[in-house]
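All remarks here apply to the structure that follows.
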Amino acid sequence: MKLKAFIGFPCLHAMLMLLSFVFLSACNSRGSDEKSMALDAKLADLRALNQETRKSAAEALGGMGDCRAVGPLINALGDSDYSVRHAAAVALGKLKDARATEALAKALGSFDNEVKKAAAKALGDIADRRAVGPLMKRLRDVNADVRYAAILALRKMKNAAMVEPLSNMLSDKDDEVRMLAAWTLGEIGDARAIGPIVKALTRRGSSMLEPIVMIDRTKAIQVLEGQLKSDDPRSREIAAWALGQMGGTGEVQALLDSLNDGCRDVRSAVIESLEKIRGSRPIDSHAISLKDEDGSVRMDVVLALGMMGDSNVTDVLIAALEDGSEQTRILVIEALGKLKDPKAVDSLARMLDDQSREVRRRAAKALGEIGDAKAIELLARVMQGKDQQLKVSTGRALGEIRNSRSLDALVAAFGKCEGRGMQSILPEALKKMGADAVLGPVVRVLLSKESSASGKIDAIEVLKAMDDARAVEPLIEALSFEDRDIREYAGRVLGIMGSREAVEPLLGLLAGEDSHLRRMAVRALEEIGDSRALRPLIEVLGDEDSWVSEGAARALGNIRDSSAVEPLVRALHADDSNLRKAAARALGEIGDRRAVQPLLGILVRKDMEVQFAASEALGKIKGQEAVDGLIEALGRGDPDLAEMAARALAETGDSRAVGPLARALADQDEHVRAAAAGALGRYKGEMAFLALINATMDKNPEVRDMAVISLGKFGDERAVGLLARMLDDEYCRTYAFDALSEIGGATAAEHLVEYNWSNRAWKGPAFDALLKIGKPSLPALRRVLEHVPFDRLVREIISRLE
């Protein structure tokens with residue numbers, strides 16, 4: 001029995017295998033038959049009388065990948081209709097069969113540029129070297145796009161025979177043809193191309209530098225350094241600029257040798273490059289002339305020396321300060337500041353008394369950059385002087401030094417510096433030194449009886465900038481000072497800091513008689529939002545000072561205690577419209593549903609600002625009653641009220657609003673339609689989606705804008721195609737970029753790439769949108785580089801995303 005089972009199992013297994021094979025063979029045969037029938041149908045269509053049918057057939061055959069279509073497609077290259085010939089060329093490129101090479105090479109001589117471009121691309125895809133000769137002939141085509149397509153195809157079959165023809169293309173009148181030729185030469189890697197590419201360089205064509213680096217960087221630098229000695233100033237300028245773009249430090253000496261070039265444009269390029277390189281090798285200051293008769297030459301040399309940051313040139317620069325030109329002194333001072341050499345302190349100190357205000361300002365800044373003890377002493381002396389503008393520069397300089405001496409100098413200036421400039425500079429400078437170092441000295445100034453009122457105000461300003469809890473206690477103490485301005489300013493800062501410890505002292509000021517201090521107190525209590533202030537604030541809701549009553553309403557909204565609802569509802573009927581508005585907003589912040597009916601009653605009043613505040617409040621409160629009231633207001637026929645209601649319904653997020661909002665998209669008033677489109681972006685669902693799709697065709701650009709923005713919020717990929725078309729709408733274009741980036745995905749990226757690299761003025765927004773989409777953008781961007789390898793922006797985006 002065991003033996004039979006042992007024998008029977010393999011037999012059964014073999015039978016199952018046989019049946020599976022027969023079944024799969026039948027399926028494959030059926031699938032193969034279906035493909036064959038489809039192929040036969042398209043081949044028949046390729047001979048149809050109708051040119052659209054023939055064109056569609058050619059396009060389909062390219063996607064089928066069946067080599068049996070090659071012969072018929074080759075025949076279609078001789079079709080009477082150019083669109084069929086074009087489709088056949090594209091299809092043959094997809095099939096990549098070398099049998100088509102000869103026919104495609106012949107098609108390069110077509111009268112139609114689109115056919116020639118398609119044939120060139122197809123030959124590049126096939127990559128049969130027999131096509132090199134015919135493609136090189138197309139490098140002389142009158143159409144720039146055809147020349148570009150020919151180079152793109154040759155790029156896939158690169159060999160040394162192409163170097164000379166492609167080098168000739170470096171003088172082509174079309175920018176992109178020249179760029180592609182240079183990049184193709186770089187990829188071929190033949191050193192013979194370096195000279196022609198260097199000769200073709202322009203300061204705009206920085207992408208041409210990378211191909212020569214690809215070939216041989218050392219050789220390229222040698223060629224460029226030789227060009228610095230050219231008789232042509234333009235060639236020298238380009239060479240100087242290019243050496244800086246190369247990014248190494250080995251080119252420094254060659255550039256320094258050109259600092260005294262007689263052409264200003266060359267010197268400017270040298271300076272730009274030296275700043276970019278910032279080499280660390282020592283400079284022989286004796287080899288550099290600052291004695292040139294041309295003052296502009298001297299200025300350029302000084303600027304370059306400063307850019308290099310080498311202390312060997314300090315003496316040369318100090319001597320240059322004696323130059324009579326104000327601009328030269330300014331440049332020398334800037335250079336000395338960058339060198340940070342203490343040897344320059346005495347010379348810079350003399351510049352603090354210069355007749356030129358700008359020279360004095362720059363000298364103070366440079367002394368701060370040097371930052372040694374002697375420089376601090378000089379700057380501290382300036383802070384005690386009368387030149388307010390110079391004090392601003394000096395304050396900034398002392399802030400950069402950040403030590404105890406500079407701290408003492410800044411604190412000593414409290415109360416002695418006038419003008420708005422110093423009011424911001426002292427806190428800004430001291431904040432950089434850190435709260436641990438600054439708080440003690442500043443608090444001593446605030447609490448000292450010897451300090452002036454303006455010094456105490458300066459101290460409070462610095463404590464505000466510090467925003468440190470340790471400042472609260474001294475600021476509370478300042479609330480009891482005799483000087484009202486100090487008390488008022490200390491209270492405002494305590495409010496900004498949100499100090500709950502200050503609530504009781506502030507309530508004391510709120511109960512006082514000084515109107516300025518009461519206004520300050522209510523404003524500070526509003527920012528703190530402490531419930532201990534609830535009762536006192538309710539009591540001043542009806543205050544005769546409108547600033548106090550309005551501030552009390554805002555503060556109650558910030559505290560968010562339902563005990564304030566009834567007093568605030570009563571305030572909705574006050575004579576002061578600002579109080580009514582503040583009360584409505586406060587009720588919205590509290591969110592108590594007892595306020596719904598009173599707020600709905602406010603909606604019917606003809607007081608636009610109060611109505612708007614009430615509608616906003618209802619949107620925040622939400623709930624069935626509020627939503628019903630807003631829906632009713634939306635359909636009342638008052639455009640202003642309907643617009644407010646639509647915006648408020650967006651805040652509720654209640655699905656019952658979708659239908660009324662969708663109907664509002666047909667309102668006669670464009671502002672109502674726009675508000676409804678914006679509101680629908682807060683909802684999900686098919687009705688809202690379809691309504692917004694329809695709204696993108698509205699005649700009013702504001703409505704279209706809001707529809708596009710809302711579709712972006714939906715995140716539904718079905719909207720991508722429509723949003724891509726909206727890129728052609730000049731009013732909606734910016735919002736369409738944002739919407740596509742919010743939806744994201746590879747399809748959105750494809751559309752962005754396709755649109756923006758054919759509309760290059762919009763590459764900036766495309767850059768941002770593609771970065772926001774992220775990695776799904778990479779396939780589309782990499783395909784761009786296949787056609788535009790020199791596009792720096794595309795390469796930058798790819799490098800960021802990878």
Side-chain angles (χ1 to χ4, degrees), residues 577 580-581 584-585 588 596-714 716 719 722-723 726 729-736 738-739:
S577 66
R580 296 199 302 273
K581 181 170 61 175
R585 288 200 169 122
V596 170
Q597 283 303 322
L599 288 168
L600 287 172
I602 290 293
L603 279 183
V604 299
R605 294 189 179 184
K606 289 298 180 182
D607 186 335
M608 183 77 71
E609 289 189 0
V610 179
Q611 282 179 301
F612 185 71
S615 66
E616 274 189 332
L618 288 164
K620 288 181 178 179
I621 294 172
K622 304 176 185 178
Q624 181 173 342
E625 194 177 3
V627 172
D628 288 344
L630 288 168
I631 289 173
E632 193 272 330
L634 181 66
R636 189 173 287 176
D638 181 337
D640 292 331
L641 182 59
E643 182 182 354
M644 294 175 199
R647 296 183 192 281
L649 284 167
E651 297 298 321
T652 67
D654 192 304
S655 60
R656 288 175 299 144
V658 173
L661 286 169
R663 289 191 292 276
L665 288 173
D667 196 279
Q668 291 184 348
D669 188 278
E670 63 267 24
H671 299 298
V672 175
R673 299 200 303 276
L680 284 168
R682 299 289 186 96
Y683 296 91
K684 302 295 180 183
E686 198 68 8
M687 180 187 290
F689 180 74
L690 294 175
L692 287 168
I693 293 289
N694 189 53
T696 60
M697 295 179 282
D698 195 281
K699 62 183 179 181
N700 182 270
E702 184 185 354
V703 179
R704 299 200 300 275
D705 284 348
M706 295 310 299
V708 166
I709 292 168
S710 291
L711 284 169
K713 292 175 182 175
F714 260 67
D716 193 317
L722 170 64
L723 290 169
M726 298 301 288
D729 185 328
E730 62 178 311
Y731 296 103
C732 302
R733 185 179 290 125
T734 301
Y735 298 113
D738 292 339

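Throughout, numbering of the chain's residues begins at 1 and tracks the sequence.
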* **Heavy-atom pair of closest approach, residues Ala676 and Leu665** => CB-CD2, 4.1 Å

* Please answer whether the main-chain N or O of Phe714 pairs with a side-chain N or O of Lys684 as donor and acceptor at a distance below 3.5 Å. => yes

* Asked: Which pairs count as salt bridge (charged side-chain N to carboxylate O under 4.0 Å, His left out) when at least one residue sits in residues 657-672, sequence neighbours excluded?
  -> none

* To do: Would you please name every residue forming a side chain to side chain contact (heavy atoms under 4.5 Å, CB included) with Ile709, sequence neighbours left out?
  => Met706, Lys713, Tyr735

* Asked: Any idea which heavy atoms bring Ala675 and Ala646 closest together, and the distance?
  -> CB-CB, 3.8 Å

* Step by step, work out the side-chain contact (heavy atoms from CB on, under 4.5 Å) result for Leu711 and Asp716. => CA-CA 7 Å; Leu711 284 169; Asp716 193 317; over 6 Å; no

* Distance, nearest 0.5 Å, that separates CE of Met644 from CD of Glu616 -> 10.0 Å

* Any pair counted as side-chain hydrogen bond (donor to acceptor under 3.5 Å, both in side chains), so long as it reaches residues 627-640, sequence neighbours left out -> Lys606-Asp638, Asp628-Arg656, Glu632-Arg636

* **side-chain contact (heavy atoms from CB on, under 4.5 Å) evaluation trace for Arg585 with Phe612** => CA-CA 9 Å; Arg585 288 200 169 122; Phe612 185 71; 4.1 Å; yes

* **Which residues share a side chain to side chain donor-acceptor pair (under 3.5 Å) with Lys581, sequence neighbours left out** => Glu609

* Can you tell if the side chain of Asp654 reaches within under 4.5 Å of the side chain of Ile631, non-hydrogen atoms only? -> no

* Which residues satisfy the side chain to side chain donor-acceptor pair (under 3.5 Å) test with Glu686, sequence neighbours excluded? -> Arg718

* Asked: Going from CE on Met687 to CG on Leu692, what distance comes out if it is rounded to the nearest 0.5 angstrom?
  -> 12.0 Å

* Residue list, salt bridge (charged side-chain N to carboxylate O under 4.0 Å, His left out) with Glu702, at least two apart or on another chain -> none

* With side chains defined as the heavy atoms from C-beta onward, is the minimum distance between Asp729 and Val708 less than 4.5 Å? -> no

* What distance do Thr696 atom OG1 and Asp705 atom CG have between them, rounded to the nearest 0.5 Å? -> 11.5 Å

* Listed partners of Glu643 passing side chain to side chain donor-acceptor pair (under 3.5 Å), at least two apart -> Arg647

* **Which atom of Val703 lies closest to which atom of Arg673, heavy atoms considered** => CG2-CB, 3.7 Å

* To do: List the atom of Leu723, the atom of Ala736, and the distance in Å for their closest heavy-atom pair.
  => O-CB, 3.7 Å

* Derivation and outcome, side-chain contact (heavy atoms from CB on, under 4.5 Å), residues Thr652 and Leu649 -> CA-CA 5 Å; Thr652 67; Leu649 284 167; 4.3 Å; yes

* Output all residues satisfying side chain to side chain contact (heavy atoms under 4.5 Å, CB included) with Ala633, sequence neighbours left out; order by chain, then residue number. => Leu603, Leu641, Ala645

* Minimal non-hydrogen separation, Ala648 against Ser615, with atom names -> CB-O, 3.0 Å

* Structure fact -> Across all chains, not counting sequence neighbours, the salt bridge (charged side-chain N to carboxylate O under 4.0 Å, His left out) partners of Lys620 are Glu589

* For Gln624, enumerate each residue passing the side chain to side chain donor-acceptor pair (under 3.5 Å) test, keeping only those at least two apart in sequence or located in another chain. => none

* To do: Check for a donor-acceptor pair, side chain of Ser710 on one end and backbone N or O of Ala677 on the other, with a separation under 3.5 Å.
  => yes

* **Exam field: side chain Arg704 to backbone Lys699, donor-acceptor pair closer than 3.5 Å** => yes

* If we only count heavy atoms from C-beta on, is the Phe689 to Leu680 side-chain gap below 4.5 Å? -> no

* To do: Any chance you could measure Ile602, atom CD1, to Arg580, atom CZ, to the nearest 0.5 Å?
  => 7.0 Å

* Structure fact -> Residues at least two apart in sequence or cross-chain that pass salt bridge (charged side-chain N to carboxylate O under 4.0 Å, His left out) with Arg733, listed by chain then number, are none

* Structure fact -> Ala679 and Leu661 have their tightest heavy-atom pair at CB-CD1, 3.8 Å

